[in-house]
Amino acid sequence: MKAVELEKSYNPKDFEDRIYADWKEHGCFQPDAEAPGEPFTVVMPPPNVTGILHMGHALNNQLQDTLVRYHRMCGRPALWVPGTDHAGIATQNVVERQLAAKGLRRQDLGREKFVEETWKVKERHHAIISQQLEKIGSSCDWTRERFTMDEGLSQAVRESFVTLYERGLVYKGNYLVNYCTHCGTALADDEVEYKNLPGKLYQVQYPYADGSGNITVATTRPETMFGDVAVAVNPADERYAHLVGTFVILPLANKRIPIIADSYVDMEFGTGMVKITPAHDPNDWEIGRRHDLEMVNILNADGTLNDAVPEVYRNMDVTSARKLVVADLVSGGYLVGQTDHNHDVGHCYRCSTVIEPYLSEQWFVSMKGMADKALGAWKDGKIVFYAKRWENTYSHWLENIRDWCISRQLWWGHRIPVWYCQDCGQMMVERKDPTSCNKCGSSTILQDTDVLDTWFSSWLWPFSTLGWPESTPDLKRFFPTSTLVTGYDIIFFWVSRMIMASLEFLGEVPFRDIYITGLVRDKQGRKMSKSLGNGIDPLEVVDLYGADAMKFTLCYMAAQGQDILIDMESFKLGSRFANKMWNATRFLLMNLEGKELVPIVDSDLNIMDRWMYRQVNEAASRVKAAIEGYRFNDGAQAIYDVFWNDFCDWYVEATKHALATKDEAERNRQVSVMLDLLAELMRLMHPFVSFITEEIYGKLPNTTGRVIDAPYPSYREERNHDDAKAIVDAMQELVRGVRSLRSELQIPNERKLQIVFRPDAAFVATGFVSEHVGLISTFVGASQLVVDAHAETSVAKAIPVAGHGFEVFVFVRDAIDVDSEIRKIEIDLERNAKSLEGTLRKLSNEQFMSNAKQEAIDKERGKQAEFEEKLEKGRKHLTLLRSL
RNA sequence: GGGGGGUUAGCUCAGUGGGAGAGCUCCUGCCUUACAAGCAGGCUGUCGUGGGUUCAAAUCCCUCACCCCCCA
């Protein structure tokens with residue numbers, strides 16, 4: 001063979017893009033649907049098409065990538081469906097901002113033109129997000145990519161809406177909803193974020209209608225008083241019982257409203273009297289319904305006050321109106337007090353504008369029945385959350401479900417498939433656009449102007465992306481999907497609803513395993529956000545360290561159920577690891593010159609080979625357990641350990657020695673084994689560090705094809721060479737003992753040591769050490785290594801090192817301070833004596849002996865022998881040193 | 001008000017019943033030609049507090065403290 005020259009330093013930019021393009025071009029991400037075996041399917045949580053990939057996406061997609069690559073290599077047809085959603089509000093906001101820069105409003109363009117414009121923006125942004133996913137190495141099947149507003153998915157949305165309507169689960173009604181005046185649309189309950197903010201509690205006097213005095217009500221929102229239709233007291237409140245049924249006058253508006261009794265009122269809060277504004281407060285709305293009160297809406301859709309308020313306040317926004325109302329109440333003598341008061345204020349989750357409860361005609365989905373089924377599926381064990389505790393979040397939300405407001409007053413999205421006849425008023429809910437009224441035949445029909453909530457299309461994602469409502473081959477083959485990987489912030493929005501939709505429309509759960517990722521935070525534990533400027537751009541990480549560095553680091557840090565705290569520096573971990581892989585490979589490949597690849601014969605393997613195979617074997621079983629149990633950090637740790645600590649630190653070092661042999665056949669054998677191990681390690685590590693493993697795999701002379709579709713290493717009983725492990729463990733203890741002594745005594749590496757090694761009769765590695773004197777000498781830096789079971793070494797010249805089953809004598813008399821050596825041994829003796837004492841205490845404890853597992857007892861006995869041996873050797877060495 | 005999570009080495013975090021771990025940092029010595037993005041060796045812990053269960057607790061149960069999140 002020829003030596004293969006690798007670049008001197010690891011530079012991921014040299015190959016990452018090239019490799020991704022190669023995978024994509026050769027269809028490596030496309031599953032063979034015809035292949036046997038249970039498919040492994042993942043649908044990517046669709047990022048907002050106008051969004052930018054952030055660290056959370058990078059984490060989420062990396063974990064999916066690890067899963068998919070692992071299962072693909074295990075031989076299952078693995079499908080990962082990518083895609084984006086149209087993000088109704090967010091995208092519309094983006095386009096409106098662009099228009100605003102030109103001094104335009106969307107109304108200036110008109111609906112059709114505006115939507116056209118939005119599609120253009122979508123196309124531009126879409127390229128960005130796909131490119132980012134490619135940069136981080138996501139092995140998703142781009143040929144199956146979907147968008148929530150493409151034709152097929154729009155059909156799915158239409159089908160689901162009409163079906164639910166037919167089942168009586170979609171209805172229209174005039175209700176109090178959460179309304180964002182900035183976005184100009186209604187929102188669902190869970191799209192409102194509550195923030196506790198400082199405010200004022202105003203005490204306002206309302207005069208009795210008969211002029212006999214005043215009552216005092218407390219309110220945080222005085223400007224809504226124009227919508228007041230009553231004042232309520234608790235029926236049990238004796239202070240006010242006599243007032244129920246009388247009337248007061250609304251100041252500034254000069255309107256007569258009744259005093260009513262309702263048990264909702266908290267007698268302890270404020271004065272125990274509450275103004276009732278049914279059209280602007282959810283609790284008041286309930287009271288209004290109970291008492292059949294009028295609903296007075298005082299707002300326009302843009303958040304300004306409407307004609308229901310006195311003229312001076314009209315067209316003012318809420319904040320200005322509040323100021324003026326307070327001023328007017330003061331000057332009118334109605335305001336008798338104001339105190340600081342913190343309260344929870346709802347904000348729009350998209351734009352942070354204060355939410356107004358707003359009475360309007362909207363479409364809703366009736367949720368109770370679907371929620372019960374979704375709860376049932378969980379109780380029956382058909383879905384499992386990782387980590388388990390998220391099941392509480394899931395069940396709690398479903399148990400307290402409220403109907404879902406799905407209409408949005410936007411232009412960008414799926415238009416509600418409902419038409420109204422302008423002549424007879426007939427309402428039609430249709431799968432296909434009608435051209436005339438199905439009742440009176442009039443062709444003057446108008447479609448509902450609202451669009452549907454984006455989540456109303458996302459909740460179909462696991463099956464709409466596979467072709468539903470058509471019964472496509474993909475749907476039959478790949479649904480239900482295997483695993484969903486997502487963040488806990490959308491368990492309500494998305495996860496629960498997908499389960500409900502799937503049960504409703506297909507009668508089965510959309511996925512069995514739900515892995516909830518942690519949130520990516522900065523080192524101070526703060527959420528990464530644009531406003532804090534503490535975010536880390538995944539592309540910047542890729543640029544600085546390479547995609548593999550990011551991929552590995554994220555896996556390494558992804559402990560189940562834990563948030564991830566990182567900064568830019570964190571990615572050095574992965575970067576160093578990738579660099580280590582690169583350089584180890586570089587070394588091995590530069591040694592190929594003049595060697596031949598020969599078949600590997602198991603019986604020819606030496607102890608180090610057998611040990612290394614065993615370690616890789618063990619790692620394979622660790623990784624399997626880790627990935628299948630969604631413990632990504634364990635998997636990353638396993639490959640890190642085996643590659644760095646075993647392969648590089650010991651096996652490759654031993655190989656250096658082995659390759660120096662003059663025996664050509666042995667050299668060829670050694671190189672072949674080494675390459676075999678390296679190739680297997682690349683396969684093992686591929687799901688965590690995909691690019692570099694592919695690059696290296698392609699350069700190995702003993703491999704064909706790509707690592708991405710190579711078989712994944714699995715645990716093999718016949719490679720469980722525990723005998724080799726015992727020997728190498730013992731050898732390592734011996735080597736570490738000498739190295740430690742050298743280091744403590746500050747003996748420079750150049751100075752080669754004279755060493756006598758004295759094994760006990762039962763020492764497991766005696767043969768190995770005897771046969772590999774050269775190798776061990778290299779490990780410890782010895783000029784002479786004598787193995788002598790009966791050595792009577794004069795310590796006048798040597799320092800003894802005690803190990804488990806052996807002693808080593810290092811001839812460095814001149815380099816030591818006898819007193820300090822004595823002290824060290826004394827400290828050691830003390831520690832061992834203490835350990836022995838603890839062990840003996842256990843072994844002499846009857847209850848321990850009768851209750852403990854046999855395993856635990858055996859272990860204690862082993863410890864006893866070990867401590868006694870060390871004590872004995874230590875004492876002997878102490879005596880020798882003291883005799884000097 | 002309800003629920004969940006966290007508290008382990010200087011930092012970030014693994015570890016769920018039997019001798020306290022990793023990465024980074026720090027200290028010491030090394031450019032031993034694959035890698036100084038490295039090698040070798042080392043220091044560091046009342047496993048938040050107080051109790052309980054157990055032969056045995058970082059691990060299970062309870063109390064308290066502090067921090068974080070979700071829901072109402």
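First the proteins, then the strands, lettered A, B, ... as listed; each starts at 1.
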With sequence neighbours left out, what residues match [X] under salt bridge (Lys or Arg N to Asp or Glu O under 4.0 Å)?
X        : answer
A/Lys580 : none
A/Glu653 : A/Lys656
A/Glu628 : A/Lys624

### Message
Please give the distance between the P atoms of B/U63 and B/G4 as a whole number of Å.
### Response
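Result for the P pair: 12 Å, nearest Å.
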### Task
Please measure how far the P atom in B/C47 lies from the corresponding atom in B/U59, and state the result in whole Å.
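My reading of the P atoms in B/C47 and B/U59 gives 10 Å.
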Under a 3.5 Å limit for both distances, which nucleotide forms a Watson-Crick or G-U wobble pair with [N], could you say?
N     : result
B/G1  : B/C71
B/C66 : B/G6
B/G41 : B/C27

N/O-N/O pairs, protein side and nucleotides 6-15 of chain B side, under 3.5 Å:
from, atom 1, to, atom 2, distance (Å)
B/G15, OP1, A/Arg631, NH2, 2.6

### Query
According to the salt bridge (charged side-chain N to carboxylate O under 4.0 Å, His left out) rule, which pairs have a member within residues 730-742 of chain A, sequence neighbours left out?
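Those involving residues 730-742 of chain A do not exist here.
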### Query
Got a sec? Which of residues 843-853 of chain A come in under 4.0 Å of RNA chain B, heavy atoms?
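The stretch gives A/Asn845, A/Gln847, A/Phe848, A/Asn851, A/Ala852, A/Lys853 as the residues lying under 4.0 Å from the strand, ordered by number.
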Check side chain to side chain donor-acceptor pair (under 3.5 Å) between [X] and all other residues, then give those that pass, not counting sequence neighbours.
X        : result
A/Ser9   : none
A/Arg389 : none
A/Asp609 : A/Asn606, A/Tyr651, A/Arg669, A/Gln670
A/Asn283 : A/Tyr264

#### Entry: Distance-minimising heavy-atom pair for A/Cys555 and A/Leu63
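What the structure gives for the nearest pair is SG-CD2, 4.2 Å.
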### Query
Any luck finding a side-chain donor-acceptor pair between A/Asp567 and A/Ser570 under 3.5 Å?
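Yes, because at least one side-chain N or O of A/Asp567 sits under 3.5 Å from a partner of the opposite role on A/Ser570.
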### Query
Roughly, in whole Å, what's the span from CE in A/Met590 to P in B/A34?
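Those two atoms, CE and P, are 6 Å apart.
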### Message
Taking the minimum atom-to-atom distance to the side chain of A/Glu866, which one of B/C71, B/A72, B/G19 wins?
### Response
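Among B/C71, B/A72, B/G19, the one nearest the side chain of A/Glu866 is B/G19.
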### Nearest-nucleotide pick for A/Arg521, side chain only, options being B/C69, B/G19, B/A22
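Looking only at heavy atoms from C-beta outward on A/Arg521, the closest nucleotide is B/C69.
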Dump the pairs, protein N or O against N or O of nucleotides 35-40 of chain B, anything under 3.5 Å, distances to one decimal.
from, atom 1, to, atom 2, distance (Å)
B/C35, O4', A/Asn583, OD1, 2.9
B/C35, O4', A/Asn583, ND2, 3.4
B/C35, O2', A/Asn579, ND2, 3.0
B/C35, O2, A/Lys580, NZ, 3.0
B/C35, N3, A/Lys580, NZ, 2.8
B/A37, O2', A/Asn579, ND2, 2.9
B/G38, OP1, A/Arg576, NE, 3.2
B/G38, O3', A/Lys580, NZ, 3.1
B/C39, OP1, A/Lys580, NZ, 2.8
B/C39, OP1, A/Trp644, NE1, 2.7

Listing, residues 629-639 of chain A side-chain donor-acceptor contacts under 3.5 Å, not counting sequence neighbours, or none:
from, atom 1, to, atom 2, distance (Å)
A/Tyr630, OH, A/Thr483, OG1, 2.7
A/Tyr630, OH, A/Asp513, OD2, 2.7
A/Arg631, NE, A/Asp634, OD2, 3.0
A/Gln637, OE1, A/Tyr556, OH, 3.2
A/Gln637, NE2, A/Asp641, OD1, 3.3

